[in-house]
Each structure stands twice: as structure tokens, then as C-alpha cells.
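Quick notes on the structure that follows.
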Amino acid sequence: MKRKIQSDRKKKDFFDKVYDLTAKIPKGKVTTYGLIAEACGIRSSARTVGWALNGAQESNLPCHRVVNRNGTLTGRVHFGDPNLMEELLRSEGVEFDDDGNVIMQKHLWIPPILERRKKKQKKSRS
DNA sequence: ATCGTGACTGGGA
DNA sequence: ATCCCAGCCACGA
């Protein structure tokens with residue numbers, strides 16, 4: 001039943017979502033692989049998001065705005081120059097802490113689709 | 001087809 | 001608090 005095609009199509013859809021979502025990250029904001037993965041329909045598999053971005057390096061996508069949940073610029077080594085990622089973020093107004101990580105609580109951006117999904121979510125913890 | 005790796009994350013010791 | 005392990009998806013050898 002062309003299930004194979006569906007699978008392939010699904011994969012493409014996933015990658016497409018990752019690209020689209022990454023492109024929508026506001027300037028001066030960052031998001032995490034896990035958030036993107038969840039926004040794409042899968043709660044886990046944040047690794048696949050990184051792989052998708054790996055193929056998007058040559059694209060115009062602001063992949064430098066994607067960091068891990070810890071705010072670490074884990075993908076900086078893939079930007080050619082290890083400092084390029086941080087420089088780009090700094091030039092956009094993103095602040096870093098003493099550990100060289102992005103201040104997530106200040107610059108973390110959550111995909112609208114997820115905000116829509118959480119709806120009745122209780123208020124943030126203190 | 002199997003095995004290992006990776007731009008990750010969450011949970012357990 | 002840190003360290004280790006398992007799960008997850010895609011891909012190259």
C-alpha cells in the first residue's frame with residue numbers, strides 16, 4: 001500500500017518542519033533541539049533534529065539559534081569556526097553566562113505550535 | 001542487513 | 001550535585 005512512500009514522505013515532512021521552524025526563530029532568541037523535535041510531532045529524537053540541521057548548514061537557516069537544553073552551543077563545531085556561532089548570537093543581542101552558555105531563561109523561544117498545544121498548562125514554577 | 005555514531009534528553013544511581 | 005545508561009531517528013560503513 002505504498003506504505004513505503006508514506007514513510008519517506010513523513011520523513012521529508014519532519015525535515016521540512018525542522019527547517020521551517022528553525023527559520024521562524026526570532027532574532028535574538030534561541031530554542032532547543034528537543035523543542036523543535038516536539039513541535040515536529042516527536043517528543044524525543046532531538047538528535048534527528050541536529051541531523052536535519054546538519055543538512056541545512058548550507059541553507060540560509062539560522063541554525064545558530066538552535067542550542068541544546070542546557071544552552072550550550074553544541075553545534076558550534078559545525079559552523080566552520082567554533083566561535084562563529086557565539087559571535088552570531090552575540091551580534092543579535094543574545095547574552096551568555098560565565099560558562100559560555102546562552103541564558104535560556106532570557107532568550108528561550110518556544111514554537112507557537114507548542115504554546116498552542118500546552119493550552120491549559122499550569123503557570124510556571126516560581 | 002547489522003553495527004556504530006551523532007548538533008539530544010530524561011531518568012536513575 | 002555529577003555521572004552513567006537507555007531511548008529515539010537517520011545515515012554511513
Legend entry - Least distance between heavy atoms, A:Gly71 atom then A:Val67 atom: CA-CG2, 3.9 Å
Legend entry - Closest approach of A:Val66 to A:Met85 (non-hydrogen atoms, all atoms of both residues): O-CE, 3.2 Å
Legend entry - Involving DNA chain B, stems made of at least three consecutive Watson-Crick or G-U pairs, both distances under 3.5 Å: B:2-6 with C:9-13, B:8-13 with C:2-7
Could you tabulate the donor-acceptor pairs under 3.5 Å formed by side-chain atoms of residues 34-46 of chain A, not counting sequence neighbours?
none

Inset, instruction - Return the set of residues passing side-chain contact (heavy atoms from CB on, under 4.5 Å) with A:Asn70 (not counting sequence neighbours), or none when no residue passes. - result: A:Asn68, A:Thr72, A:Asn101
Legend entry - Residues touching DNA chain B, which here means a heavy atom under 4.0 Å, drawn from residues 93-107 of chain A: none
Legend entry - DNA chain B-proximal residues of residues 29-40 of chain A, any heavy atom under 4.0 Å: A:Thr32, A:Tyr33, A:Gly34
Inset, instruction - List for me each residue that meets side chain to side chain donor-acceptor pair (under 3.5 Å) alongside A:Asn54, sequence neighbours excluded, and say none if there are none. - result: A:Gln57
For [X] and [N], what is the distance between atoms [atom1] and [atom2] respectively, to the nearest whole Å?
{"X": "A:Phe14", "N": "C:dC9", "atom1": "CZ", "atom2": "C1'", "answer": "7 Å"}
{"X": "A:Arg76", "N": "B:dG6", "atom1": "CZ", "atom2": "P", "answer": "17 Å"}
{"X": "A:Asp81", "N": "B:dA7", "atom1": "CG", "atom2": "P", "answer": "17 Å"}

Legend entry - Near-strand residues of residues 48-70 of chain A, defined as heavy-atom separation under 4.0 angstrom from DNA chain C: A:Thr48, A:Trp51
Legend entry - CZ on A:Phe15 to OG1 on A:Thr48, rounded to 0.5 Å: 7.0 Å
Legend entry - Linked, directly or transitively: A:Ile113 and A:Ile110 (ILVMFWY side chains, under 4.5 Å): yes
Inset, instruction - Write down the distance separating the P atoms in B:dG4 and C:dC5, rounded off to the nearest Å. - result: 16 Å
Pairs under 3.5 Å (N/O, protein and nucleotides 6-8 of chain C):
unit_1 : atom_1 : unit_2  : atom_2 : d
C:dG7  : O6     : A:Arg47 : NH1    : 3.3
C:dG7  : O6     : A:Arg47 : NH2    : 2.7
C:dC8  : O3'    : A:Ser45 : OG     : 3.4
C:dC8  : N3     : A:Arg47 : NH1    : 3.2

Legend entry - Residue pairs, two or more places apart or on separate chains, that pass side chain to side chain donor-acceptor pair (under 3.5 Å) and touch residues 102-111 of chain A: A:Glu95-A:Lys106
Inset, instruction - Please list all pairs passing the side chain to side chain donor-acceptor pair (under 3.5 Å) test where one or both residues lie in residues 77-87 of chain A, with sequence neighbours left out. - result: A:Glu86-A:Arg90
Inset, instruction - Go through the steps to decide whether A:Leu84 and A:His64 satisfy the test side-chain contact (heavy atoms from CB on, under 4.5 Å), and finish with yes or no. - result: CA-CA 9 Å; A:Leu84 180 58; A:His64 58 274; over 6 Å; no
Side-chain donor-acceptor contacts of residues 22-29 of chain A below 3.5 Å, not counting sequence neighbours, with atom names and distances?
unit_1  : atom_1 : unit_2  : atom_2 : d
A:Thr22 : OG1    : A:Val18 : O      : 2.6
A:Lys24 : NZ     : A:Asp20 : OD2    : 2.8

Legend entry - Candidate pair A:Val102 and A:Leu108, rule side-chain contact (heavy atoms from CB on, under 4.5 Å), full reasoning: CA-CA 9 Å; A:Val102 177; A:Leu108 179 61; over 6 Å; no
Inset, instruction - Taking the side chain as every heavy atom from C-beta outward, state whether A:Val94 and A:Phe96 have any pair of such atoms under 4.5 Å apart. - result: yes
Legend entry - Under 3.5 Å donor-acceptor, A:Tyr19 side chain and A:Ser59 backbone: no
Legend entry - Pairs involving residues 48-71 of chain A, ordered by first then second residue, that meet salt bridge (Lys or Arg N to Asp or Glu O under 4.0 Å) (sequence neighbours left out): A:Arg65-A:Glu92
